[in-house]
Amino acid sequence: MKIYLFDIDGTLTEPRQKMSSENVLKFLSWITNKNAYLVTGSDYPKVKQQLPDSIIRKCNGTFCSMANQFIQNNKIIYENKWKPTQSLKDDLNFLYKSSEFPHKGKTIIEPRVGMVNFSIVGREASQEQRDIYSRWDIINKERETIVKILSNKYTWLDFKIGGQISIDIQPKGANKSQASKWLREKFKGCELYFFGDKCSESGNDYDIVKDIEEHGDGKIFQVESPSDTISILMRD
């Protein structure tokens, strides 16, 4: 049994953008008679903002918030509870104030199920602001530096780069690999095919990639863009 797993930002859509109409049509034509799940760092409301109901319904389920919540047919199948300590929040605020990025946002810590999302430019940032920060971060590697600093101090937590502007934070093990582990347990002998754009060690797709590779029960497709994903699917 083949099971397809899709990250959303950078894989099915541009970060925090709606899936293009052209790609929606192509994906719907591809998914017929296939088993597919969504695996994202975003919460469920953001999934519904970016993907049309037609695609969400065609997928077998959605693993949200780094797979700390699993939803099928609009029902919560499981979810993990976790909140950051005051010490961590203080450190995030210190790093925010210390950042040399000139256009900082206001909503820098966003609680999600079983995790928090941290962003210097802020969750309310416009697409233009996101693009500016993304280009600045590529040069200055701010998120990589923050991940290293916090990982050394909070060894029981995971810090992973996600999307254009943010860092996903959750307890060790409470990452996207929860999705592959759940499916492997549910469907014995299944093959897992994962599509994601943040597959390097600092990225938030890394843990599910590592899990599938270690078990040798699937294949990884590291993509560069939504069009890259669709191109691969059209050859399937």
Fill in: Where V121 and A125 come nearest, the two heavy atoms and their spacing
O-CB, 3.8 Å
Fill in: Donor + acceptor pair across side chains of D43, S65 (<3.5 Å)
no
Worksheet item: Between S87 and Y154, is any side-chain donor less than 3.5 angstrom from a side-chain acceptor?
Response: yes
Worksheet item: Is K198 salt-bridged to D7, going by a charged N under 4.0 Å from an acidic O?
Response: no
Worksheet item: If only atom types and distance count, is the side chain of N93 paired as donor or acceptor with the main-chain N or O of K89 below 3.5 Å?
Response: yes
Item to complete: Return yes if some donor-acceptor pair links the side-chain N/O of T145 with the main-chain N/O of K141 below 3.5 Å, else return no.
Response: yes
Worksheet entry | NZ (K34) with more than 12 external heavy atoms under 6.0 Å | yes
Worksheet, complete the sentence: Tested for side-chain contact (heavy atoms from CB on, under 4.5 Å) against M66, the lone hit among D168, D158, V113 is D168
Fill in: Under 3.5 Å donor-acceptor, D211 side chain and D207 backbone
no
Worksheet item: Under the 3.5 angstrom rule, does the side chain of N140 hit a backbone N or O of E142 as a donor-acceptor pair?
Response: no
Worksheet item: Within a reach of under 6.0 Å around CG of N73, are more than 12 heavy atoms found that belong to other residues, nucleotides or ligands?
Response: no
Worksheet entry | Electrostatic pair R16:D9 at N-O distance under 4.0 angstrom | no
Worksheet item: What are the two closest heavy atoms between A36 and I31, and how far apart are they?
Response: CB-CD1, 3.9 Å
Worksheet item: Sub-3.5 Å donor-acceptor pair from the side chain of E185 to the main-chain atoms of W182, do we have one?
Response: no
Discussion item. Side chains of Q170 and Q178 only: does a donor on one sit below 3.5 Å from an acceptor on the other?
Written reply: no
Worksheet entry | K106 (side chain) donor-acceptor with G122 (main chain) under 3.5 angstrom | no
Fill in: Distance-only side-chain donor-acceptor flag, N68 / Y78, under 3.5 Å
no
Discussion item. Donor-acceptor check, side chain of S231 to backbone of S227, threshold 3.5 angstrom: yes or no?
Written reply: no
Worksheet item: How close do D197 and D205 get, heavy atom to heavy atom, and via which atoms?
Response: N-OD2, 3.2 Å
Practice prompt. Tell me whether the centres of the aromatic rings in F6 and Y37 are closer together than 6.0 Å.
Written response: no
Item to complete: Flag yes if more than 12 heavy atoms outside E79 fall under 6.0 Å of its CD atom; otherwise flag no.
Response: yes
Worksheet item: Rounded to the nearest 0.5 Å, how far apart are CD1 of I120 and CG of D137?
Response: 9.5 Å
Worksheet item: Has the side chain of R184 got a donor or acceptor atom that lies under 3.5 Å from a matching backbone atom of G189?
Response: no
Worksheet item: What heavy-atom pair brings Q164 and P15 nearest, and what distance separates the two atoms?
Response: CG-CG, 3.5 Å
Practice prompt. Mind listing the closest non-hydrogen atom pair of V223 and G10 along with its distance?
Written response: CG2-O, 4.1 Å
Item to complete: Specify the closest pair of heavy atoms between K104 and Y96, including all atoms of both residues, with the distance to one decimal.
Response: NZ-O, 3.0 Å
Worksheet item: Between Y206 and K160, is there a cation-pi geometry (under 6.0 Å to ring centre, at most 45° from the normal)?
Response: no
Practice prompt. Would you check if there is a donor-acceptor pair between the side chains of Q17 and Q50 at a distance under 3.5 Å?
Written response: no
Item to complete: Could you tell me whether E110 and R112 have a side-chain N and a carboxylate O separated by less than 4.0 Å?
Response: yes
Practice prompt. Flag yes if more than 12 heavy atoms outside K210 fall under 6.0 Å of its NZ atom; otherwise flag no.
Written response: no
Discussion item. Are F195 and W30, when compared by the centres of their aromatic rings, separated by less than 6.0 Å?
Written reply: no
Worksheet item: Counting only N and O atoms by type, is there a donor-acceptor contact under 3.5 Å from the side chain of T229 to the main-chain atoms of T11?
Response: yes
Practice prompt. Give a yes or no answer on whether the side chain of S151 reaches the backbone of K148 with a donor-acceptor pair at less than 3.5 Å.
Written response: no
